[in-house]
**Student:** 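Here it is, the structure in full.
As the structure is a prediction and not an experimental result, all values here were calculated from the model. Heads up: numbering here begins at 1 and tracks the sequence.
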Amino acid sequence: MSWTAGAQDNSTPDGADKPALQLLVLGSGGPGATGRAASSYLVLIGGEPRVLVDAGPGSFARLGEAKLSLRSLDTVLLTHLHIDHAAELPGIIKARAVSSSGPIHFDIFGPMGHAARGTAPAFPSTSRFTKLLFGPDGAFAYLKDFAAPISFSVTDLPRSGHGGDPAVILSQGDLRISAIAGHHGDAPAIIYRIDNGGKSIVFSGDVDPSGLPALAKISTGTDLLIYDQVVLDRPDSPEVLYSLHSPPSEIGSVAARAHIKALLLSHLSPAVDEDREAVTQSIANHFTGPVTFATDGLRVRP
């Protein structure tokens with residue numbers, strides 16, 4: 001496992017072997033304006049940026065700082081449709097468009113939606129969300145042929161739930177992307193795993209305790225689990241947050257049961273950032289592997 005801090009380009013020189021799988025953290029923060037970009041990750045396949053996982057506010061600027069070509073970016077994985085995970089998608093789509101004059105096609109995956117239920121708000125499906133942004137009557141309909149012709153294939157993945165097994169949603173050569181329904185309060189949520197060249201990364205997204213069995217299933221044996229760590233152990237965070245997020249002790253238990261090799265904590269709240277020692281110790285009570293706190297611009301080679 002190789003870790004490099006900062007946004008500088010440490011890509012492999014031309015002619016050298018390209019790592020099968022690399023990660024660039026574009027955003028390691030949450031919904032608050034705390035100096036971090038919100039949740040977003042770029043996955044490089046064979047040295048080329050191919051997959052965007054979430055697109056929280058601030059990720060557009062971090063992408064520019066990374067000075068990476070977007071010519072091969074063609075896949076978007078959305079864990080859920082909260083603002084801090086999806087708001088910057090239009091800007092990144094446009095950045096991809098102006099980087100090429102030829103036709104561009106995106107495969108976008110994300111959760112199904114649901115109607116409002118009592119006090120719980122409605123959520124659009126990912127296909128509806130994409131249409132509201134880029135469709136003929138969408139907010140950014142002009143992007144369809146602004147700099148290059150853009151088209152989308154959108155897949156709505158199963159609702160959050162307690163059952164089911166991971167399913168392969170994309171397979172191209174050695175690249176395999178799998179997904180399973182997670183659970184994040186009333187927001188439909190998806191957990192993703194990317195495998196390529198014998199290496200793997202899992203993206204938890206926001207997950208409450210009801211989603212941990214699914215997280216354990218899809219994470220089994222992974223090289224790196226990226227986990228959204230928002231809360232401290234009870235009672236040190238507001239009780240309402242435990243209906244949306246899981247505490248360090250529980251993710252430590254999942255990491256141990258799933259035999260993951262390394263854990264990267266991201267989507268960091270100020271409370272977690274300020275009490276890293278307690279978080280690390282709580283996880284270490286169950287999981288003895290390496291635990292790292294994400295920063296914007298962090299690059300990882302599993």
**Student:** Keeping H85 on the side-chain end and G56 on the backbone end, is there a donor-acceptor pair under 3.5 Å?
**Tutor:**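 No; zero donor-acceptor contacts below 3.5 Å.
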**Student:** Honestly curious: do W3 and Y41 fall in one hydrophobic cluster under the side-chain, below-4.5 Å linking rule?
**Tutor:**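 Linked within one cluster.
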**Student:** Any side-chain to backbone donor/acceptor pair from T220 onto A216? Under 3.5 Å, distance only.
**Tutor:**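 Confirmed, T220 side chain pairs with A216 backbone.
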**Student:** Please give me the minimum heavy-atom distance between S246 and Y227, naming the atom from each residue.
**Tutor:**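 Minimum heavy-atom separation between S246 and Y227: CB-OH, 3.0 Å.
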**Student:** Does any N or O in the side chain of T222 come within less than 3.5 Å of the main-chain N or O of S219, such that one atom is a donor and the other an acceptor?
**Tutor:**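 Flag not set: sc T222 to bb S219 has no pair under 3.5 Å.
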**Student:** Are L132 and V154 co-members of a hydrophobic cluster defined by side-chain heavy atoms under 4.5 Å apart?
**Tutor:**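 No, it is not one cluster - the side chains of V154 and L132 are not joined through contacts under 4.5 Å.
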**Student:** Do I169 and Y192 pass the side chain to side chain contact (heavy atoms under 4.5 Å, CB included) test, and can you show the C-alpha distance, the side-chain angles, and the key distance before you say yes or no?
**Tutor:** CA-CA 10 Å; I169 60 172; Y192 295 99; 3.9 Å; yes
**Student:** If you look at every heavy atom in M112 and P188, which pair is closest and at what distance?
**Tutor:**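 Of all heavy-atom pairs spanning M112 and P188, the closest is O-CB, 3.0 Å.
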**Student:** So, T75 and D107: side-chain donor and acceptor under 3.5 Å apart, yes or no?
**Tutor:**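 No.
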**Student:** Begin with the C-alpha distance, continue with both residues' side-chain angles, and end with the deciding distance and a verdict on side chain to side chain contact (heavy atoms under 4.5 Å, CB included) for V272 and L232.
**Tutor:** CA-CA 6 Å; V272 167; L232 302 169; 4.2 Å; yes
**Student:** Using a 4.5 Å cut-off on heavy atoms from C-beta on, say whether the side chain of L170 contacts that of F109.
**Tutor:**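 When only atoms from C-beta onward are counted, L170 and F109 do touch, with a gap below 4.5 Å.
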**Student:** Counting neighbours of CZ on R276 that are heavy atoms of other residues, nucleotides or ligands and sit closer than 6.0 Å, is the number greater than 12?
**Tutor:**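 Yes, enclosed.
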**Student:** Side-chain heavy atoms nearer than 4.5 Å, only ILVMFWY residues, links allowed to pass through others: does that put V207 and L241 together?
**Tutor:**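 No, because V207 and L241 fall into different hydrophobic clusters, even though each may have its own neighbours under 4.5 Å.
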**Student:** Does E277 have any side chain to side chain contact (heavy atoms under 4.5 Å, CB included) partners at least two apart in sequence or in another chain, and if so, which?
**Tutor:**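 If we apply the side chain to side chain contact (heavy atoms under 4.5 Å, CB included) test to E277, skipping adjacent residues, there are no hits.
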**Student:** Applying a strict under-4.5 Å side-chain criterion to I, L, V, M, F, W and Y, I'd like to know whether I93 and F146 cluster together.
**Tutor:**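 They do share one cluster, since a chain of ILVMFWY contacts under 4.5 Å joins I93 to F146.
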**Student:** Grab the two heavy atoms, one from D223 and one from S200, that are nearest each other, plus how far apart they are.
**Tutor:**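 So the minimum-distance heavy-atom pair works out to OD2-N, 2.9 Å.
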**Student:** Taking R96 for the side chain and L73 for the main chain, is one N or O donor matched with an acceptor at less than 3.5 Å?
**Tutor:**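 The answer is yes, because a donor-acceptor pair under 3.5 Å joins these two groups.
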**Student:** Check the pair T34, D273 against side chain to side chain contact (heavy atoms under 4.5 Å, CB included), reporting the backbone distance first and the verdict last.
**Tutor:** CA-CA 11 Å; T34 61; D273 222 5; over 6 Å; no
**Student:** Check S237 against Y242 and note the closest heavy-atom contact, atom names and distance.
**Tutor:**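 Residues S237 and Y242, closest heavy atoms: N-OH, 3.2 Å.
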**Student:** Under the ring pair (Phe, Tyr, Trp, His ring centres under 6.0 Å) rule, what do F123 and H82 come out as? Steps first, then yes or no, please.
**Tutor:** CA-CA 9 Å; F123 281 90; H82 278 168; 5.7 Å; yes
**Student:** Without swapping roles, check the side chain of E88 against the backbone of G58 for a donor-acceptor pair under 3.5 Å.
**Tutor:**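 It does hold such a pair.
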**Student:** Verify the cluster assignment for V98 and I92: are they in a single hydrophobic cluster under the rule of side-chain heavy atoms below 4.5 Å apart?
**Tutor:**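 Linked, V98 and I92 end up in one cluster.
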**Student:** May I ask you to decide whether D186 forms a salt bridge with R117, counting only side-chain N to carboxylate O separations under 4.0 Å?
**Tutor:**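 The answer is no: the pair does not qualify as a salt bridge.
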**Student:** Output yes when a side-chain donor or acceptor of N196 lies under 3.5 Å from a complementary backbone atom of A20, and no otherwise.
**Tutor:**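 Looks like yes, one N/O pair under 3.5 Å.
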**Student:** Any side-chain donor-acceptor pair under 3.5 Å between H286 and S249?
**Tutor:**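 No pair is found: no donor N or O on one side chain lies under 3.5 Å from an acceptor on the other.
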**Student:** Go through the steps to decide whether I150 and F134 satisfy the test side chain to side chain contact (heavy atoms under 4.5 Å, CB included), and finish with yes or no.
**Tutor:** CA-CA 9 Å; I150 302 177; F134 308 115; over 6 Å; no
**Student:** Can a side-chain donor-acceptor contact be found between S28 and T295 if the only test is distance below 3.5 angstrom?
**Tutor:**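 No - no donor-acceptor pair under 3.5 Å links their side chains.
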**Student:** Would you say R193's side chain and I201's backbone share a donor-acceptor pair under 3.5 angstrom?
**Tutor:**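 Not a single qualifying donor-acceptor pair exists.
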**Student:** Any chance the side chains of S282 and D233 put a donor and an acceptor closer than 3.5 Å?
**Tutor:**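 Yes - a donor-acceptor pair under 3.5 Å links their side chains.
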**Student:** Specify the closest pair of heavy atoms between I45 and L175, including all atoms of both residues, with the distance to one decimal.
**Tutor:**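 Reported closest heavy-atom pair: CD1-CD1, 3.8 Å.
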**Student:** Would you confirm whether D206, through its side chain, and H184, through its main-chain N or O, come within 3.5 Å as a donor-acceptor pair?
**Tutor:**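 Here the side-chain-to-backbone pair does not exist.
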**Student:** Go through the structure and list residues passing side chain to side chain contact (heavy atoms under 4.5 Å, CB included) with S243, not counting sequence neighbours.
**Tutor:**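 S243 satisfies side chain to side chain contact (heavy atoms under 4.5 Å, CB included) with V240 once adjacent residues are dropped.
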**Student:** Considering all heavy atoms of both residues, which atom of D156 and which atom of P111 are nearest to each other, and what is their separation?
**Tutor:**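 That closest heavy-atom pairing would be OD1-O, 4.1 Å.
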